[in-house]
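Order of the sequence lines sets the chain letters (A, B, ...), proteins ahead of strands, with each chain counted from 1.
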Amino acid sequence: MTKAGLRSKDLLGIEPLSPEEIALILDTAESMREIGRRPIKKVPALRGRMVANLFFEASTRTRFSFETAERWLSADSLNFAARGSSVEKGESLLDTARNLQAMSPDLIVIRHGSPGAPHFLARHLRAGVVNAGDGAHEHPTQALLDALTIRQRFGRIQGLRVLIVGDIAHSRVVRSNIWLLTKLGAKVVVCGPPTLLPPRIGEMGVEETTDFDAALPESEVVMMLRMQLERQGGALYPSVREYFRRYGLTAERLGRAHPDAIVMHPGPMNRGVEIASDVADSPRAVILDQVANGVAVRMAVLYLLLGGHPWEADA
Amino acid sequence: MSAPIWIRGGRVIDPASGRDGVADVLLSDGVVAEVGSPPRPSAAETVEAAGLYVFPGFIDLHAHLREPGREDAETVASGLAAAAAGGFAAVCAMPNTNPVNDNGAITDYVASRARAAGAARLHPIGAITKGQRGEELAEFDEMKAAGAVAVSDDGMWLADGSMLRRALEHAGLVGLTVVQHAEDATLSGGAPMHEGAVSTRLGLRGQPAAAEAAAVARDVLVAELARGRLHVAHLSTARALGIVRSAKSKGIRVTCEVTPHHLTLTDGEVARTGYSTNAKMNPPLREASDVEALVAALAEGAIDAVATDHAPHHPDDKAVEFDRAPFGVVGLETAAAVVFDRLVRPGRLTLARFAEVFSAGPARCFGLPGGSLAAGAPADVTLFDPSAAWRVEPASFRSLSRNSPFAGWELTGRPAATIVGGRIVWRA
Amino acid sequence: MGEELLKKTRILDAERIGRMIDRMAHEIAERQRDLPELAFIGIRTRGVPLANRLAARLGALVAQPFPVGVLDITLYRDDLSTVAPQPVLKKTDIEFDLNGRTVVLCDDVLYTGRTIRAALDGVIDLGRPRAIRLAVLIDRGHREFPIEANYVGKSVPTALREVIKVLFQETDGADEVWILERPA
């Protein structure tokens, strides 16, 4: 057995990870995939460990994916959803977390609307913290499953041209992907209307463009982001139809993409807004692979953070 | 009346009197009696100052003392004790308390709490508008009579130009300066940090530099129109600095202040600390180019004063998510030492200029007594030990609050004693 | 291995190992009544070459191919917390259906029995074999669990401070078995 592992007790983002740690997570996830194909989808690796899922923002797929990962590794989960909870009664994040800590979870998976909420918890709690999405900051497990999917299709990440299209300004998926893809040597181009491109995004090591059509032919990976109509207070784009016209991925546009191009989407999709239905269902779309890889990646993260380090009781 | 104080053997640095050299200082009857080689009266208390600097008592133009209303975060007494521990002989207290200090009675209340505290002096700043609501001017004369030295709606920018004009005209009549917190909220959006590469990386909304610069630009033009005295609070951007410079060169009566954190920290601090709320204040920490411009301007005189914008918050209030936390950091106990260690010691600010921006400069901005050690000046003195090595530990602050961005900093240089009206109110 | 180990003695060479595996294959051919249902599963890492070779040798003997799978038991160990900070997880790869088969589990060294216990859990999670047999190249004694091998290449009594190291051509470039000693 060799010594390998993640340097931190937490996974707060992709930014702090080294390329070696990212590779370790992806390789481990690859090994975890076969568990999902067994008749009995369970291994005892995390038996007796407790994971608390704190989801302050609505989420079905990410929560379900984490819970599945926890179950398949035989860990116990405690689930907390904001609706109908003490948070609605005004309990602060810190108090919620402290109450949880009293039940000795080994790990906390948190999704929250405020950037830095996972960092806040990691500072105040003994348990490890996994960021399942903090506002517009990062969504590390999403980027990891995206990378795993890309790697499965192309055998590598380095040297690929990845085009990410949509509401770049408000997207945590895009930030995590930028970190991961650039750390592994891919070329990233972000594309969207000017109002949805954040200031100085180029300083993160990417190209930016407002011209979707011009960027398509060279892009081996086309990642479409959900147009977050619910996040936009002011009218950042005139209408859905306008958006689709210039930034929607239609079959015709896909035809002008790189011949090997694959289509990705973090979900849930707005068919007809950022992606046409026929494209979403085409063989070049790897969206369902992303979902399957999501469970494997989350299993890998849980295993690497928890396997081998039992939670230490209070002195 | 306390006994005379004879300060022996310190290096007296008093740019207002053109003095920089070892000399003795005699304080008597609440004023500076003589500087040079005054004979020591028999009843005098001797303060040994060999190896120390002797400055005119430092003055902070901008602090939030929270009383009345939030005595859990700070009181006048604890705030003035904190000020004295930071070498400040006088503090100007902003009016955004609860209730707002917008009339003579509250100004009087605050002044009386200060007298009872018996530490640093308190100069109240009254509100510009009643309740700081921006609708009706407050009673400047009443507040001045009760001790107010300036008016401000700090925390907010008085956006209505005609309101500002009238305020400047009326304040001019009464003899008060109008202090503006320059922030166009329609541009800043109340965002929790500076808009730039760091805010983009961190997924946070940002306040563009233009939000401050646009407000300053509007304000100096109105000051010109109203022929009033305008003071720009907590200047933080090179852009706004450029506008103030240009206004001064045109003869517009505008002064400005800068905080120690805007002279030493950038927006990168939010990332470096993992979204610590001790890096969240308004105006926010800006970019390195802004810090450079502010330091240079402070050194050559375009910026008139250093002010702390001391903003205490109860730890529970700051222990929340970054975007929900209140703005503000404390600063009275670290200001002089941080500026000395980070700007004077590396040679970016001269000692004379250091003395000025903490004493004569602030005094001039609001027309306050003090700021010099000339004979007859108030006996407010700050003794400073340039070789004291120490570590900033918020747990041992005199302030009731702990929200400092300098926690853990190792500094060389520290106030040694603070004398107010001829009485030693604090000693290291 | 990270430790300092001294006093290396080679106890088996390639020729003897080859003969041992050959003999084990003959034993299996003789004793197993259910050859058509047999399958081999090698425990990572060095149980795999043993499984492959036994399957090949047996296949040649009875002119019938035998499927071979690879089992990674990292997720089943009961000593995860004591074995280095992070044991590296590799893939389990079993293409055939276990149900109703006789599985011959293969490992290089049988020692405390914990690895085999974990492997039994792993195999049962993957299906319902009719029977499981254990084939090991070396049995060094010091059992902590009540587990015994059905097919043994060689029994080598050892002291606790000794370590048995099996090397295979496929994994290490040579077929050898060594006894190493930890410093006192």
(message) Taking CZ in B:Arg239 as the centre, count heavy atoms belonging to other residues, nucleotides or ligands within less than 6.0 Å. Is the count above 12?
(response) no
(request) Measure distances from A:Glu15 to the heavy atoms of chain B and classify the residue's part below 4.5 Å as side chain, backbone, both or neither. (result) side chain
(message) Taking side chain as everything from C-beta outward and backbone as N, CA, C, O, which of these in A:Leu94 sits under 4.5 Å from a heavy atom of chain B? Side chain, backbone, both or neither.
(response) side chain
(request) Output the option from A:His124, A:His112, A:Glu138 having the highest count of non-hydrogen pairs under 4.5 Å with chain B. (result) A:His112
(message) Which heavy atom of A:Pro115 sits nearest to which heavy atom of B:Leu202, and what is that distance?
(response) CB-O, 3.6 Å
(message) Ignoring hydrogens, what is the shortest heavy-atom contact between B:Glu321 and A:Ala117? Give both atom names and the distance.
(response) CG-CB, 4.3 Å
(request) Kindly state whether the ring of A:His119 and the ring of B:Phe322 have centres lying under 6.0 angstrom apart. (result) no
(request) Taking heavy atoms only and a threshold strictly under 4.5 Å, list by residue number the residues of residues 257-264 of chain B that touch chain A; give 'none' if the list is empty. (result) none
(message) Between B:Thr200 and A:Pro199 (side chain of the first, backbone of the second, donor and acceptor by atom type, cut-off under 3.5 Å), is there such a pair?
(response) yes
(message) I need the A:Arg200 CZ to B:Arg201 CZ distance, nearest 0.5 Å.
(response) 11.0 Å
(message) If you compare all heavy atoms of A:Gly113 against all heavy atoms of B:Asp323, which two are closest, and at what distance to 0.1 Å?
(response) O-OD2, 4.3 Å
(message) What residues of residues 202-211 of chain A make heavy-atom contacts with chain B at a cutoff under 4.5 angstrom?
(response) A:Glu203, A:Met204
(message) Quick check: closest heavy atoms across A:Asp134 and B:Tyr275, and the distance to 0.1 Å?
(response) OD2-OH, 4.5 Å
(request) Say whether, by atom type as modelled, one donor and one acceptor occur between the side chain of B:Arg324 and the main chain of A:Ser114 under 3.5 angstrom. (result) no
(message) Please rank B:Pro192, B:Pro208, B:Ala319 by heavy-atom pairs under 4.5 Å with chain A and give me the top one.
(response) B:Ala319
